[in-house]
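Shown next, in structure tokens, is the structure this report addresses.
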There are 4 protein chains.
Amino acid sequence: MSLSKLIGVRTDEVQAKRERRKEARPGELLDAALDLFVEKGFAATRAEEVAARAGVSKGTLFLYFPSKEELFKAVVRENISGRFKEWNEEFQAFEGTTAEMVRACMTIWWERVGATKASGITKLIISEARNFPDIAAFYQQEVIAPGQDLVRRILKRGMDRGEFRVLDLDYATFSITAPMVFLIMMKHSLGACIPQDYPLDPQRYIASQVDLLLDGLQVRK
Amino acid sequence: MSLSKLIGVRTDEVQAKRERRKEARPGELLDAALDLFVEKGFAATRAEEVAARAGVSKGTLFLYFPSKEELFKAVVRENISGRFKEWNEEFQAFEGTTAEMVRACMTIWWERVGATKASGITKLIISEARNFPDIAAFYQQEVIAPGQDLVRRILKRGMDRGEFRVLDLDYATFSITAPMVFLIMMKHSLGACIPQDYPLDPQRYIASQVDLLLDGLQVRK
Amino acid sequence: MSLSKLIGVRTDEVQAKRERRKEARPGELLDAALDLFVEKGFAATRAEEVAARAGVSKGTLFLYFPSKEELFKAVVRENISGRFKEWNEEFQAFEGTTAEMVRACMTIWWERVGATKASGITKLIISEARNFPDIAAFYQQEVIAPGQDLVRRILKRGMDRGEFRVLDLDYATFSITAPMVFLIMMKHSLGACIPQDYPLDPQRYIASQVDLLLDGLQVRK
Amino acid sequence: MSLSKLIGVRTDEVQAKRERRKEARPGELLDAALDLFVEKGFAATRAEEVAARAGVSKGTLFLYFPSKEELFKAVVRENISGRFKEWNEEFQAFEGTTAEMVRACMTIWWERVGATKASGITKLIISEARNFPDIAAFYQQEVIAPGQDLVRRILKRGMDRGEFRVLDLDYATFSITAPMVFLIMMKHSLGACIPQDYPLDPQRYIASQVDLLLDGLQVRK
DNA sequence: TATGAATGAGGCTTCATTCAT
DNA sequence: CATGAATGAAGCCTCATTCAT
């Protein structure tokens, strides 16, 4: 193997690495920022700390995001993947009972969103909404509304198939979304800072919620 | 007998008046601070703004509270009412069905807490918990645990009286508390900054929650 | 004399001093800023340095001027006293020949403006005009145009009285203003940093300018 | 004979081409830098902008100039033409009256310097002199002094030939140079940023200046 | 007790300069 | 030679806190 080839390979590798880093930079910064914003809130998170956690210097952060606020917005956008279409299709193809769908919906949501770092976004937005009304509106349109729609469609299926009672769909959806949002909020607030005093097992929590949601508190006569 | 007491009536009156003013000041400051902390979060709230809203000068704020952090803690302490004993008694004396109790519990809670400014405390603590772990622990002990207990007792009554099914009491309580916390969070975040995009009528919300909670989604066979 | 009187006096004095300082603050800051802006330009002048020269801390500067740019604008406004009206009246009442008026105009201008710190403003604006177009426009309207008008009126008087030749008034005014502006520019640039290499005696300079301006270079036949 | 010379023609050619490019780069950078320094001043001009305007990357700028300050000095050095010897000769050979010489002097100066980009140097140096005293001294020696000398020689010719009055030569020179410097300053400051408010036709300006300079304001008896 | 002027540590952001490729 | 990603010192500005009155 020729020297040039060797040099070439080395250069290629290093260059690749460099380019990978360059490409990866924004992602690394967004990851670090998500962690810190969720942990401390927007104002209490220092730009330098985000940079440090991403392994770069203060200046580099501003090479990719023109301001801390833009970084915040990018973090939100980055973590709001419109996976609702995909989920819609999954549920469209679902063959079981609607009760099973509801259980699946909440369980899968926990696995794919609730348990992941992305769930921090919800906590973040609810906490900071009033300081970032445009972000809040954006989130409402991109996440909440589609989420409500998806849930609404499930409930409607239940009604249409005679499985569920006649429901006030506009508000019944909250019976599914509220427990999930609550779980996330707790996970990222009390659950994160005083776990010993606030034990909350997600699986058991969701099981209990689904169970009561489907059959209610009262005994069936 | 204290020295001040010995000095006589006139002094007492003056002192009383002085103390009344002195006592009033912190209250006005705490009110103003609660509003602003709820609205903007701890970090984004400026001490000067709190003072201005309370109608005093910046210096006066620090006369009553040695630091912004102490002000925050005082706000929380002041607004955490231990009204659970009183409520306990109310529910102890309750004569109707447990289903009625659940409905009453959530309705009354909304009237007495959810709809008032005090509800901001919950939002505040959940948002800032990780920056104030001791506050979080304090709140857990003073509010959350007693609240869960109260709810738990209601659910247990239902079980004991054969009205409710056999429940996992540790988690079933969340089916009552989670919807209430969710409502508060929304009221103070999205509901406050984008009301047009996020319509949420508390009465209808609670009605729907109670209804589903008691009877479940599924039709009764 | 009673103690309270003594205390009163002392308090009065200190208070007076304090208030004098409070009132004087902006003036002291503007003075310091004028010096530094003239000496180093806008960008190279550090806010902290201005504060230090005025004997206050960095923060105090921003108590009186919301930004460095506003400080700059205030410096300009502060030093542009519209003394043109007063001068106009002086010249209206002038009884001598118009040649004497021209000489008086330039001499008095030097004494009242050119020789003072205020002349630095002209240097400042000409140097920074392109970075502050609004300031430039403001200065044009407030200072330059009225100045040209005043000079124009003098020249017209000379023409009307048959003392001066027929002149292109729009441009002849520059024969009076240009030498003055030049003198200021030099005083605050080369004259300030290399005085030994650039000796320029203002009196002799003005005398020479007036002399030539009135009679021209060429011998009279 | 140098090594490069010994290597042969081909190398020479390549080297020449390389050097031509190498030589050209700094020129483009200096041009861009002159424009920007004149327009915004030294401090407000960003290295990256200079590079961008010259069509190279930021790094390349620092390949040719070790620092922004050195770039500034190079800009000045590059644009200070010592064309006075040449002009001296032109004027030595001049055959007309000295009045014609004065007119020619100012007209030609405008064409060859005032109207060109090179005039920016004067504005630049006067604006930045106090931040670059060595540059100021350099400019004084290389440009101002020779310029004054040239003008002085013209005036002396007028005196010697009995065309001009007896003059204070040290200061009479300013009657020629001041209007030119003034014109340049205005062109690059107010004239550049508020042209609509500050109309100044160079030709007419110079004509007026020369006219008055030669014959004075006053009517000849 | 109340004021509000003053402080200065600390955070965001810019940009000249470096250096690996 | 040329690039442009990365750096970090330095500057503007904010705001909790102090203190003389």
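Below, read A as the first sequence line, B as the second, and so on, with proteins coming before strands; counting in each chain starts at 1.
Closest-nucleotide positions on DNA chain F for C:Phe42 and A:Thr60 were compared, and the one nearer the 5' end corresponds to A:Thr60. Between C:Leu61 and A:Glu48, the residue anchored nearer the 5' end of DNA chain E, judged by the nucleotide with its closest heavy atom, is C:Leu61. The 5' end of DNA chain F is approached more closely, in terms of each residue's nearest nucleotide, by C:Ala43 than by the other of C:Ala43 and B:Gly59.
The partner of F:dG11 is E:dC12, judged by Watson-Crick or G-U wobble contacts that both fall below 3.5 Å. Base-pair partner of E:dT3: F:dA20 (Watson-Crick or G-U wobble, both distances under 3.5 Å).
In terms of heavy-atom proximity, B:Arg130 sits nearest to A:Ser189 at CG-O, 4.0 Å.
Applying the 4.0 Å criterion to OP1 and OP2 of F:dA5, one finds that A:Tyr64 has every side-chain N and O outside that range. For the pair B:Lys58 and E:dG4, the criterion of a side-chain N or O lying under 4.0 Å from OP1 or OP2 is not met.
Between the CD atom of D:Glu49 and the P atom of F:dG4 there is a distance of 17 Å, given to the nearest Å. If you take NZ of D:Lys68 and P of E:dT14, they are 15 Å apart, rounded to a whole angstrom. In this structure, B:Phe65 places its CZ atom 15 Å from C1' of E:dT1, rounding to the nearest Å. The nearest whole Å value for the distance from the CZ atom in A:Arg25 to the C1' atom in F:dT7 is 12 Å. Straight-line distance from the CG atom of C:Leu71 to the C1' atom of F:dC13: 13 Å, rounded to whole Å. The separation between C:Leu29 atom CG and E:dA5 atom C1' is 13 Å, rounded to whole Å. In this entry the distance linking CG of C:Leu36 with P of F:dG11 reads 13 Å, nearest Å.
You'll find that the side chain of C:Ser57 is closest to E:dT7, out of E:dC12, E:dT7, F:dT3. Nearest nucleotide to the side chain of A:Arg46, out of E:dC12, F:dT3, F:dA6: E:dC12. In the set E:dA16, F:dA10, F:dT17, the nucleotide with an atom closest to the side chain of D:Phe62 is E:dA16. Side-chain proximity of B:Leu63 to the nucleotides E:dA16, F:dT7, E:dT3 is greatest for E:dT3. When each of F:dA5, E:dT13, E:dT1 is scored by its nearest atom to the side-chain atoms of A:Ser67, the top-ranked nucleotide is E:dT13.
B:Ile135 is not listed as a side-chain neighbour of B:Glu128, based on a closest heavy-atom distance of 4.5 Å or more. Annotation: side chain of A:Asn131 is not in contact with side chain of A:Phe42 (no heavy-atom distance under 4.5 Å).
Note: A:Phe37 and A:Phe72 have perpendicular aromatic rings, judged against thresholds of 30 and 60 degrees for the angle between ring planes.
With D:Val50 as the partner, the side-chain contact (heavy atoms from CB on, under 4.5 Å) test is satisfied by one option alone out of D:Leu34, D:Leu36, D:Asp31: D:Leu36.
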